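Every chain is numbered from 1, with letters handed out A, B, ... down the list of sequences. From a predicted model like this one, the values you see are computed outputs, not experimental measurements. The figures here come from the full heavy-atom set of this structure, side chains too, leaving out hydrogens, waters and symmetry mates.
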Amino acid sequence: MSGELLALFTLTLVKATPLIYAALGGVVGERAGVVNIGLEGMLAGGAFTAVAVSYKTGSAPLAALAGVACGAALGFLLGVAATRWRVDQIVAGTGLNLLALGGAAYALVLVFGRPGASFAVPALGLRGEATLIALALVAALVIDRVLAVTSWGLHVRAAGENPRALDIAGIDPLRIRVQALVLGGALAGLGGVFLSIGELDLYSDGMTAGRGFIALAAVIFGRWTPLGATGAALFFGFFAALQFTLQQSGIPSELMQALPYLAALAALAGFAGRARAPAADGIPYARE
Amino acid sequence: MTGRWRAAGLAAAIVAGVGSIAMLAAGANPIDGFAQLFGGALGDVDELAETLVQTTALLFPALGVAIAFRAGLFNIGAEGQLVMGGLAAGSIGAVLTLPGYVSIPLLLMAGALAGGGWGAFAGFLRARFAANEVITTLMLNVVATLFASYLVGGPLKSPAATASETAILPHASWLPELVRDTRLTLALPIALLVALGLRYLLDRTVFGYELRAVGEAPEAARRAGIAPGRIAIAALGLSGAIAGMGGATIVLGILHRFNVALSPGYGFIAIAVALVGNCDPIAIVAAAFAFGILQNGALAMQAGAGVPRDIVAVVEGLVIFVLAGRQYLTRTVAR
Amino acid sequence: MHALVGENGAGKSTLANVAFGGLHPDAGTIERTGTIGLVHQHFELAERLRVWENVLLGREPCRFWTIDREQAHARVRELATRHGLEVDPDAAVETLPVAVRQRVELLRELERDPTVLLLDEPTATLAPAETEALFTTLTQLAERGIAILIITHKLADVVRFTQRVTVMRAGRIVARMETAQTTLDEIAHAMVGGDLPQVAARTATTPAPYLSFQDLEVRSGEIVGIAGVEGNGQTALFDAIAQIVPDAGIIPQDRQREALVLGWSIADNVALGRQRTRYRRGIVFDRKTARSDAISIIERFDVRPRSVDAPIGTLSGGNQQKIVVGRALEGRPRFVLAYQPTRGIDIGAAAIVQSRLIEARNAGCAILLISFDLDEIFVLADRIAVMYSGRLGPLFPRDSIDRARIGALMTGAT
């Protein structure tokens with residue numbers, strides 16, 4: 001009995017880890033006032049870049065760094081769009097997803113010569129996987145503290161509540177927002193790294209499977225706090241693990257796969273309206 | 001007027017610029033690549049017909065997305081609504097043996113109702129629980145695909161087929177071809193009629209007035225007695241219905257059965273189409289045609305110049321990304 | 001202390017913002033010595049953050065990478081005591097009343113040790129007693145050597161407290177005076193460039209009961225004015241009454257957000273609110289009738305430019321408000337609910353709006369007016385009540401009460 005529980009527990013952590021990273025990335029961006037729908041694309045970008053770099057260099061740790069960098073770059077792109085060009089953040093995020101997912105599919109053919117999936121590449125191994133899992137939980141705590149007690153954290157929160165107040169105080173809220181998104185993208189990228197070379201050792205088209213959107217739901221559940229979002233991510237990870245475990249039981253696999261999404265919908269109906277997003281969330285800031 | 005052209009101009013610039021770079025990266029000559037693209041899409045009657053098929057497939061969900069945008073709502077779930085529409089048309093159509101002039105309208109309505117219900121559900125969640133429709137429509141996309149996958153893999157699976165799909169529809173229920181031996185059917189004129197109807201709805205009717213008011217000035221609309229919840233359900237319902245009808249036309253006109261692969265992401269690309277068309281139904285027709293060229297030409301480009309066709313997705317994503325600053329979107333949306 | 005006066009739209013806030021550095025000028029030069037602080041008309045505070053976080057934003061005391069909260073609290077407390085502006089450093093701004101929030105904003109500026117302090121309409125949302133307190137503080141600051149510039153349109157305050165006055169009109173400076181050597185009327189004259197426009201006269205009416213809501217009673221042929229400081233429940237009252245009388249003429253507080261669709265034409269905006277009744281034929285929107293109604297409003301209210309199809313966002317605030325009021329009065333409703341009907345508009349437009357409201361009253365309309373501007377209450381109301389802390393006080397006929405008493409009621413006296 002306990003062996004099965006242990007397996008479920010471990011699987012929960014494994015399934016939850018990419019969600020935690022993505023959700024933390026979402027929280028940081030949103031607290032600064034930028035809605036990040038592009039988490040899915042950042043996951044995919046990080047996942048693919050890691051596999052491509054691992055393939056070319058043979059070094060999994062280097063590949064992991066590359067994946068993080070890719071996520072950070074995508075975050076930067078979204079940040080610039082949201083601040084300098086003042087585009088609608090939600091639509092831009094959707095565009096980013098298409099862009100990143102399409103770009104990964106495109107580069108897949110370029111790098112590996114065939115569509116659909118890459119070859120197996122050097123991965124992070126069991127030790128690497130465990131490190132990333134632990135790191136995710138540590139990151140949750142660290143980000144929570146950073147937002148609460150550091151100067152930068154205060155600036156991020158101010159950028160999300162009233163960017164003009166921050167501007168008056170002599171700090172550029174646009175710069176802060178871009179910084180927050182770069183950090184957020186890096187985190188999501190790390191989540192993607194875990195997906196491709198942490199849990200497995202390859203990249204396949206569509207492997208992100210909507211996790212970026214579940215992470216968004218986790219951000220909302222968690223009331224835009226790092227610890228709350230992590231808890232929500234663990235909750236969803238549990239459902240994903242459950243689906244995997246119950247595969248043999250005759251329950252249609254599609255139903256099990258749909259569980260996290262149904263749970264997210266139910267919770268959005270239940271929780272929504274009570275939590276409040278940062279006041280300037282989603283509103284582009286304009287210097288006159 | 002100028003806004004519409006600016007969007008189109010920017011989009012064209014992105015396609016040309018980014019497309020060229022990507023083609024170079026793939027080791028192809030951009031001029032050759034674009035030649036293959038346009039030649040493949042417009043070169044002869046058959047190819048033009050296929051381009052129009054893609055245009056139609058994009059036009060339905062794009063019109064739906066645009067309606068939602070005009071109401072200040074983000075319908076990212078057109079893909080799922082399309083699937084539900086196709087599922088309804090395919091599963092009912094498989095067992096319906098009525099003459100075409102009865103069955104086709106019936107099945108199109110079924111598709112619209114299924115898609116509309118799917119969209120209205122997201123609208124209901126927004127109206128009643130203030131649930132963010134971006135997330136709910138995204139979630140419902142996945143649920144729709146999984147649900148449809150389950151049904152055609154099991155209960156609705158055609159006994160005659162090995163793949164997971166419904167039985168082939170009786171010929172009476174197939175949409176009549178417009179050009180022989182192509183996939184271009186009555187779906188195109190139907191889509192054009194829908195576009196005209198929407199233009200009229202938005203500009204001339206009281207419903208359109210209220211919908212636009214909610215989209216452009218939600219607080220003022222509320223004070224004017226327009227219930228935001230009612231509009232959310234109606235707008236997302238209408239949006240889903242149009243996308244659902246689009247899914248039905250794919251089943252009735254192209255595949256003649258339903259399987260879950262009926263859409264290569266039309267619902268997402270439709271967002272780009274709606275933006276390039278400035279959320280105006282007539283301009284969207286032109287935008288859909290432009291994207292139809294991209295979609296159809298990409299295959300030829302892949303075969304002829306060796307450029308992987310996913311470049312089209314990249315370009316479309318970039319277009320959405322850059323055009324996200326359209327006038328309907330830069331106001332603060334009440335959430 | 002130096003006052004910068006001018007009517008709404010004259011350019012005072014713009015000038016101040018440019019001087020402060022919040023806005024970038026298109027032409028011209030600015031000479032600055034030392035730091036400048038600006039207390040905004042609509043405070044720029046992060047409401048969900050704490051007082052100390054707002055005051056010390058950007059200058060937080062740090063130990064290594066974390067903020068030293070103790071030191072932060074101490075700094076705020078010290079600053080507060082030095083200037084006589086009591087606040088709780090740890091309170092969340094959103095829980096504070098308006099006058100205290102203003103203190104936080106002031107402290108934020110004082111923290112930077114400014115040589116010049118600009119205040120944009122600081123008394124717009126204060127009760128008379130709070131205004132006194134503010135000016136006491138400002139006088140002390142002036143005595144300590146800080147140059148104070150107050151932007152205001154409240155000439156009574158200018159005459160009482162300042163040493164110099166600069167008058168702006170239509171974006172230009174038109175007069176510079178020593179306060180001691182001028183009169184209120186002279187200043188007003190310079191502000192408007194002529195005589196103050198007259199408001200329509202009240203005629204005798206025979207009020208009959210129209211609406212009764214808890215202790216509030218509004219009668220036809222009269223205007224009931226609700227005075228009070230912003231934030232004492234007026235908005236809730238407005239929303240409640242608006243629900244009770246659905247076919248009332250409504251003039252909301254924030255025209256751009258709550259009354260108009262800025263991208264639409266004047267005609268389409270005129271239809272807003274009655275698109276289902278007067279302006280509909282079947283499922284079709286009756287734009288023709290909307291246009292003709294718009295034309296008649298443009299005439300009655302002297303709206304410029306006189307174009308029915310112009311997007312209403314291109315009109316000035318005063319002209320926009322004329323449309324809002326004209327729409328509310330269109331169709332001769334029996335009840336009009338007006339919330340800050342002359343907020344932020346120029347004197348000429350304000351006079352027209354107030355005149356039309358009085359004319360409606362003369363014709364038998366029942367009007368409920370909610371305003372934070374005591375002057376407006378006294379111009380328009382037949383009977384006055386004060387709202388404080390969510391409670392409505394008793395109604396007084398206009399002749400039976402004076403400003404001092406109302407001022408006291410506005411701060412909670414009984």
Are side-chain heavy atoms of A:Lys15 and A:Phe238 found at a separation under 4.5 Å? no

Compare every heavy atom of [Y] with every heavy atom of [X], then report the nearest pair and how far apart it is.
X: A:Leu216; Y: A:Glu30; result: CD2-OE2, 4.0 Å
X: B:Val83; Y: B:Phe258; result: O-CE1, 3.6 Å
X: B:Thr137; Y: B:Phe74; result: OG1-O, 3.9 Å
X: B:Phe69; Y: B:Leu275; result: CE1-CD2, 4.3 Å
X: B:Leu73; Y: B:Ala235; result: CD1-CB, 4.0 Å

Side chains of A:Gln89 and A:Asn36: is there a donor and an acceptor less than 3.5 Å apart? no

By residue number, those in residues 70-81 of chain A with heavy atoms under 4.5 Å from heavy atoms of chain B are A:Leu77, A:Leu78, A:Ala81

For chain B, which residues from residues 39-47 of chain A lie under 4.5 Å away (heavy-atom distances)? none

Taking only distance into account, with no hydrogens and no angle test, what donor-acceptor pairs under 3.5 Å do side-chain atoms of residues 293-308 of chain B form with protein atoms, sequence neighbours excluded?
from     : atom 1 : to       : atom 2 : distance (Å)
B:Asn296 : ND2    : B:Glu47  : O      : 3.1
B:Asn296 : ND2    : B:Glu47  : OE1    : 3.2
B:Asn296 : ND2    : B:Thr51  : OG1    : 2.9
B:Gln302 : OE1    : B:Arg309 : N      : 2.8

Which region of B:Leu125, side chain (C-beta onward) or backbone (N, CA, C, O), has a non-hydrogen atom less than 4.5 Å from a non-hydrogen atom of chain A, or is it both or neither?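 Side chain of B:Leu125 only, per the 4.5 Å heavy-atom cut-off to chain A.
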
Answer with side chain, backbone, both or neither: which region of B:Leu318 has an atom nearer than 4.5 Å to a non-hydrogen atom of chain A? both

Donor-acceptor pair, B:Glu79 side chain versus B:Gly267 backbone, under 3.5 Å?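 A pair under 3.5 Å: yes.
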
Closer than 3.5 angstrom, by distance alone: can the side chain of B:Asp280 be matched with the main-chain N or O of B:Ala283 as a donor-acceptor pair? yes

Do you know which of [options] has the most heavy-atom pairs under 4.5 Å to chain A?
options: B:Leu138, B:Val143, B:Val312; answer: B:Leu138
options: B:Ile271, B:Thr136, B:Val142, B:Asn141; answer: B:Val142
options: B:Thr145, B:Val315, B:Ile269, B:Asp310; answer: B:Asp310

Around atom CZ of A:Phe239, are there more than 12 heavy atoms of other residues, nucleotides or ligands at under 6.0 Å?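 Count over threshold, so yes.
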
Report the residues that fulfil ring pair (Phe, Tyr, Trp, His ring centres under 6.0 Å) with A:Phe236, sequence neighbours left out, ordered by chain and then residue number. A:Phe221

